[in-house]
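Below, read A as the first sequence line, B as the second, and so on, with proteins coming before strands; counting in each chain starts at 1.
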Number of protein chains: 2
Amino acid sequence: MAATQRGLGSLLAPASVAIVGASDNPDKIGGRPIYYMKRHGYGGRIYPINAQRATVQGETAWARLSDLPDVPDLAIVAVPGEQAVQAVDQCAAMGVGAAIVIAAGFSETGEAGRALQDGMTQRARAAGMRVVGPNSQGMANFGNGAIACFSTMFLEVEPEDGPVAVLSQSGGMSAMMYGLLRQRGIGVRHMHATGNEADVTVAELADAVLDDPDMRAVLLYLESLRDAGQLAAAASKARERGVPLIAVKAGRTPAGSLAAASHTGALANEDRAVQAFFDRHAILRARDPQELARYAELAMRGALPAGRRVVVVSNSGASCVLAADAAHQAGLEVASLAASTQQALAQRLPGFATTDNPVDITAALLSNNGLFGDVLPIIGRDPAADMFVVDIPVAGRGYDVAAFARDTAAFSREAARPVAVVAWQEPVARAFREQGIAVLDDEQQAMGALAALADLRQRWSRTPVNWPARPDAPLPAGSDPFLSEAESLAWLGSQGLPVMPHTLCSDADAAVQAWRAAGTAVAVKACAAQLPHKSEHGLVALGLDSETRVREAVAAQSATLKRLGVRAEGWIVAPMQPALHECALGVNVDPVFGPVVLVGAGGKYVEAMGDVAVLVPPFDEDEVLRRLRSLRIGALLQGVRGEPPADARALAAMAVTLGQAALAAGTTLRSIDINPVRVRADGLGVVAVDALVERAAGSPAG
Amino acid sequence: MAATQRGLGSLLAPASVAIVGASDNPDKIGGRPIYYMKRHGYGGRIYPINAQRATVQGETAWARLSDLPDVPDLAIVAVPGEQAVQAVDQCAAMGVGAAIVIAAGFSETGEAGRALQDGMTQRARAAGMRVVGPNSQGMANFGNGAIACFSTMFLEVEPEDGPVAVLSQSGGMSAMMYGLLRQRGIGVRHMHATGNEADVTVAELADAVLDDPDMRAVLLYLESLRDAGQLAAAASKARERGVPLIAVKAGRTPAGSLAAASHTGALANEDRAVQAFFDRHAILRARDPQELARYAELAMRGALPAGRRVVVVSNSGASCVLAADAAHQAGLEVASLAASTQQALAQRLPGFATTDNPVDITAALLSNNGLFGDVLPIIGRDPAADMFVVDIPVAGRGYDVAAFARDTAAFSREAARPVAVVAWQEPVARAFREQGIAVLDDEQQAMGALAALADLRQRWSRTPVNWPARPDAPLPAGSDPFLSEAESLAWLGSQGLPVMPHTLCSDADAAVQAWRAAGTAVAVKACAAQLPHKSEHGLVALGLDSETRVREAVAAQSATLKRLGVRAEGWIVAPMQPALHECALGVNVDPVFGPVVLVGAGGKYVEAMGDVAVLVPPFDEDEVLRRLRSLRIGALLQGVRGEPPADARALAAMAVTLGQAALAAGTTLRSIDINPVRVRADGLGVVAVDALVERAAGSPAG
């Protein structure tokens with residue numbers, strides 16, 4: 001830990017920086033960092049390593065690392081291939097704190113490159129030196145001028161220090177995010193690219209920069225996520241400090257995953273699990289760097305929305321319509337204003353204006369440039385407003401845009417709720433940004449960003465869930481990949497899950513006896529660990545209501561088993577379970593995120609219909625209920641067409657217990673599939689009717 | 001028709017223009033058109049009407065319309081309220097060809113305003129004069145300088161004539177669309193705003209401007225659509241000429257509809273019907289003016305995509321991932337390149353570049369500015385490419401962007417397939433636009449626009465469907481709003497729809513006889529026009545397989561009917577219909593679009609699940625099948641989990657027949673609901689099991 005801290009300090013605030021492969025040309029990779037550090041007032045010592053020159057960009061040059069007067073805190077390794085490996089080894093041996101390796105040609109090129117990278121990293125770690133990269137564009141800290149980075153972007157947009165950190169696995173995206181933020185007038189302190197992440201990761205840097213008390217937004221670009229725990233820790237710190245942690249995780253789709261694999265060679269993440277992990281840890285996900293920049297601008301310009309009700313004010317009725325459409329689609333509410341608000345507005349607005357939300361002040365703005373200033377405070381007093389959108393699709397000659405911006409800024413300070421302006425004309429956008437107001441290009445972007453921030457605040461406001469410790473509950477050992485249905489149900493039952501009452505019968509006589517004992521129609525199912533998918537083999541008979549039918553079923557299934565050459569453990573006989581709805585529950589153990597719980601519509605067509613929510617533990621019943629409501633079966637569970645509401649809370653409780661059971665199973669578990677779960681009317685509970693538990697590949701055999 | 005033509009000519013190419021309420025101040029509403037016409041070289045006569053001045057902006061002024069030396073072709077009425085009505089009446093009496101009424105305060109303000117507007121319009125029509133507005137920003141034709149419009153936008157962006165028409169019900173949106181297009185470097189000839197559409201509509205103008213052979217894109221903003229026939233005619237002309245007709249139809253959502261109603265007072269359209277109508281007529285729908293401008297730019301810069309396979313080339317691996325994600329999400333395919341293409345690429349690219357699609361040429365571009373020029377022609381020869389995206393997230397010092405743009409433009413001419421550039425840096429975007437290449441801000445926008453244009457081309461390529469004439473088939477007269485089930489099935493059967501075999505039985509004895517005749521289990525349903533929703537009253541009994549059960553069902557239903565005080569026509573007895581899947585078919589007669597056909601998932605939860613496609617007649621089976629594939633049940637109908645495929649073609653044929661029947665029913669029909677339609681395995685057909693036909697309110701009573 002001490003080594004880690006020292007190492008990250010060497011990266012974020014180095015006392016001295018050596019540049020291996022230093023160049024006098026500020027446009028070369030080995031020249032840019034020196035140029036930038038001098039330009040941005042780096043206060044530490046700069047040690048160019050260059051055997052050909054006495055000075056580099058005005059700084060004394062040193063022929064070899066070993067010639068330096070002291071051990072540098074940080075080394076930028078700007079030489080290619082084998083030379084880079086040698087330089088890293090030398091740095092490690094000298095006791096350098098950290099090295100940034102810019103060279104490409106390591107793990108992203110295949111096995112040989114990966115071996116080279118692993119060896120280099122292991123030697124550095126053994127010496128206590130941290131490594132950024134290889135294949136990194138570098139790190140830049142505008143808080144102290146330590147710009148160990150060769151990005152072109154600092155020449156394309158004017159750098160400015162500010163309360164934002166940009167952390168990226170891709171150098172190109174770090175530069176692009178930086179540029180997009182500066183274009184929006186946002187200052188950025190940290191811009192770090194981790195490349196192949198042989199050692200230092202984006203997640204670790206996120207955690208570190210959150211210790212900078214000036215930070216107000218931390219922005220990530222990820223293609224592959226391996227250290228979920230570290231990112232969860234950073235997210236928890238971000239939440240404590242009220243700093244939005246916003247991330248692009250690319251490779252969302254099969255096509256994108258494939259492209260990511262060939263870009264970085266990294267393993268693809270299951271995107272539903274990524275999303276569930278982000279949801280769980282209140283990491284706001286953006287689709288791409290542009291959306292991320294929009295979220296960041298809005299988040300930095302004011303409070304996050306406390307609710308979902310948006311009030312729109314525009315000088316165009318058509319923009320009011322577009323804004324209402326966009327709000328609805330983003331899941332925001334366009335609530336009616338109070339009668340008193342509307343009366344007050346009517347006194348200020350011309351007769352043909354609209355005084356309800358969205359408020360159309362009409363082209364009358366052209367003859368009264370004070371209308372925004374008149375109208376906004378009135379609206380601000382209405383309880384229906386959690387946030388505001390000022391939509392100006394047309395301005396220009398005759399419009400006092402500077403006054404609109406001043407009035408809006410004054411209102412924004414007063415209202416202490418988010419205000420977003422929609423404007424596509426550059427002079428209009430600039431006037432508002434200069435007053436510290438967030439500007440979006442169109443209604444869709446504005447409503448999307450507001451809704452995303454409302455979600456984030458809502459997540460922050462929820463009490464973190466902690467699950468009580470539970471004794472380990474490994475799966476019973478066995479040589480088959482799957483537990484039989486009887487074993488599956490028994491293990492789930494032992495973990496407190498509601499499973500259907502059933503009898504495991506050894507023959508037809510026992511089955512008949514079980515049917516009699518049930519006193520109702522039963523299901524008869526052959527039980528064999530080797531045949532996990534019984535129904536595909538016709539080994540499930542339902543609704544049997546006579547001795548003859550029970551015997552026929554056992555006989556038919558016996559014949560099938562014989563044909564398949566499988567020995568059954570016996571027959572499961574269980575009373576038919578009446579229910580309102582069939583749902584399904586499941587667990588997949590993800591290599592990065594651990595067990596994730598699935599809950600959704602059940603029955604035959606689970607995969608084809610895909611009506612499933614994914615949750616990362618720990619979570620509570622309320623979270624499950626929220627996610628169920630977002631599914632298509634959500635409406636059904638609430639009761640439609642005169643049906644009573646279903647016992648969704650019991651289903652949610654079952655999902656929580658299932659997650660806890662999965663954690664207790666630890667490394668012995670690979671997956672669980674409970675389908676159907678019969679859900680009865682509210683208050684009457686749920687029950688697992690069929691279940692299949694899968695062992696992890698490496699778990700102990702019986 | 002002659003009057004129409006003359007009128008529209010007076011609007012689009014007036015020989016003389018009178019301005020009622022003319023002002024010497026070019027920033028007043030009555031001054032702007034004169035200023036613009038003089039600035040943009042209008043060649044006709046300008047007649048300012050102003051009793052206070054001898055000249056207005058250098059033109060001879062006239063005190064009254066009646067003083068004019070001849071009858072003007074067009075009058076701009078720039079005076080408010082009652083004066084406007086008087087001026088319009090005077091113009092009509094004089095024989096003016098058309099008047100543009102700028103004043104607000106008509107139908108958008110309520111009933112009194114609507115009456116004023118209707119009276120004015122009727123008098124004008126009677127005199128053969130066309131009216132644009134009221135509440136219109138005016139019309140501008142940069143082809144001949146007839147700028148009868150007071151928009152501020154022509155002062156904010158430099159006007160340029162070009163092959164595009166912008167037609168809008170909203171003045172603000174016409175100006176905004178104009179500005180967005182000019183910002184993208186696109187010249188615009190027509191910019192017309194129709195306001196309240198008392199007479200001339202956007203649809204009519206679309207038809208008219210399509211006669212201008214220079215037009216290459218016609219762009220619409222609509223809030224309320226009333227003249228579907230006229231728009232359909234324009235769409236048909238657009239398709240013949242290969243001119244994309246692209247429309248924003250705002251008020252897509254409940255919130256947006258509500259805002260539109262208070263904006264224009266116009267009736268809301270059912271959005272699913274709007275979408276189906278657009279689909280049917282190959283009108284490309286954009287979400288908002290920004291998306292519309294993107295579609296337009298891409299459509300004008302090259303051919304429409306002939307397929308859905310996109311090849312991406314970028315200097316950033318991360319952008320390749322984002323582009324692949326966006327392509328997948330837009331429904332485009334990121335196909336692998338041929339081995340020969342990849343070999344050829346490998347010879348030009350560094351070892352760590354990616355030679356498959358998406359092609360990552362890496363930062364090597366910085367040291368070889370010819371890489372795009374080298375690589376694009378190789379990719380262009382690959383059969384996997386229907387379209388190309390060149391993605392440049394980072395450029396600047398060291399990058400020869402002008403060369404990239406020239407190379408891309410040369411490639412684009414050669415390839416004759418669409419090429420879109422993704423660039424957010426303004427100088428990069430400008431360099432490409434100057435070479436005639438379309439530029440989008442991000443991957444999402446690029447892939448979305450390419451996919452939309454691919455859809456449009458696909459729609460254009462389909463043979464237009466014509467349904468044969470069919471004899472009128474009015475519903476049987478009756479006093480109830482609904483036909484009984486027996487009547488419903490009988491009418492549908494008479495129209496050629498497959499309905500379940502059934503017997504209408506007058507009593508229990510007849511029902512038992514029908515059960516015996518069926519030779520299998522039957523359903524027994526009480527049939528009464530007054531009780532259209534039988535199952536909610538427990539008047540449906542299923543799977544009856546004995547005389548006792550049939551008699552019990554009839555008895556129980558009789559008791560229920562008695563309790564409800566309803567007399568049944570009898571009992572429908574029908575054999576139970578085995579099926580793979582339950583679907584539903586329906587018809588709603590829309591006040592604007594006529595009968596629209598609904599097809600989708602059936603059963604109890606049709607409304608809650610919303611898995612339904614909407615089609616506007618005429619359409620063919622293939623169109624229904626395409627739409628079914630886009631539904632969630634689409635996968636089920638194709639066969640999942642070892643089930644055979646269902647007879648989706650029979651369902652599609654039934655949808656076509658239903659549409660034809662609905663047209664034959666004409667004004668007697670309000671709605672049809674067939675649920676369930678039992679769909680059997682492929683080749684075994686479909687059958688309507690339950691049906692409910694609703695009479696139109698005004699149709700003849702029995």
- So which part of A395(A) gets closer than 4.5 Å to some heavy atom of chain B, the side chain, the backbone, both or neither? backbone
- Query: So what's closer than 4.5 Å to chain B heavy atoms on A327(A): side chain, backbone, both or neither?
  - Reply: neither
- With sequence neighbours excluded, tell me which residues meet side chain to side chain donor-acceptor pair (under 3.5 Å) with E291(A). Y295(A)
- If you tally heavy-atom pairs under 4.5 Å against chain B, which of G251(A), G610(A), A635(A), P350(A) wins? G251(A)
- Heavy-atom proximity to chain B below 4.5 Å, by part of S151(A): neither
- Query: Atom SG in C320(B), atom CG in L258(A): separation rounded to 0.5 Å?
  - Reply: 12.0 Å
- Query: Quick one: does D325(A)'s side chain have a donor or acceptor within less than 3.5 Å of a partner on R252(B)'s backbone?
  - Reply: yes
- Query: Taking C-beta and beyond as the side chain, do R632(B) and Y605(A) meet within less than 4.5 Å on heavy atoms?
  - Reply: no
- What part of E333(A) gets closer than 4.5 Å to chain B, counting heavy atoms only: side chain, backbone, both or neither? neither
- Task: Taking the side chain as every heavy atom from C-beta outward, state whether V321(B) and E223(A) have any pair of such atoms under 4.5 Å apart.
- Result: yes
- Message: I'd like to verify something: which residue of L180(B), T354(B), D360(B) has the highest number of heavy-atom pairs under 4.5 Å with chain A?
- Response: L180(B)
- Taking C-beta and beyond as the side chain, do L322(B) and V248(A) meet within less than 4.5 Å on heavy atoms? yes
- Query: Which atoms of T362(B) come close to chain A, meaning under 4.5 Å heavy atom to heavy atom: side chain ones, backbone ones, both, or neither?
  - Reply: neither
- Best-contacting candidate, E426(A), Q183(A), E643(A), against chain B by heavy atom pairs under 4.5 angstrom: E643(A)
- Task: Show your working on side chain to side chain contact (heavy atoms under 4.5 Å, CB included) between K604(B) and V640(A) and close with a plain yes or no.
- Result: CA-CA 9 Å; K604(B) 202 167 168 183; V640(A) 291; over 6 Å; no
- Query: What distance do R397(B) atom CZ and F154(A) atom CZ have between them, rounded to the nearest 0.5 Å?
  - Reply: 13.5 Å
- Message: So which atom in A255(B) and which in V334(A) form the shortest heavy-atom distance, rounded to 0.1 Å?
- Response: CB-CG2, 4.2 Å
- Task: Scan residues 309-323 of chain A for pairs that pass salt bridge (Lys or Arg N to Asp or Glu O under 4.0 Å), counting only residues two or more places apart or in two chains.
- Result: R309(A)-D386(A)
- Find the one option among S316(A), A318(A), S170(A) whose heavy-atom pairs under 4.5 Å with chain B are most numerous. A318(A)
- Part of P393(A) within contact of chain B (heavy atom distance under 4.5 Å): both
- Taking the side chain as every heavy atom from C-beta outward, state whether E156(A) and V394(B) have any atom pair closer than 4.5 Å. no
- Message: Quick check on T253(B) against chain A: is it the side chain, the backbone, both or neither that has a heavy atom closer than 4.5 Å?
- Response: both
- Query: Under 3.5 Å, is there a donor-acceptor pair between the Q329(A) and R287(B) side chains?
  - Reply: no
- Task: First locate atom CE of M176(B), then atom CG of D442(A), and finally report the distance between them rounded to the nearest 0.5 Å.
- Result: 7.5 Å
- Task: Flag the one option from E607(B), M609(B), Q444(B) with the top tally of heavy-atom pairs under 4.5 Å to chain A.
- Result: Q444(B)
- Would you mind telling me which of G179(A), G172(A), A323(A), A326(A) has the largest number of heavy-atom pairs within less than 4.5 Å of chain B? G179(A)
- Item | Among the listed options L155(B), N357(B), D441(B), T109(B), the residue most often paired with chain A at heavy-atom distances under 4.5 Å | L155(B)
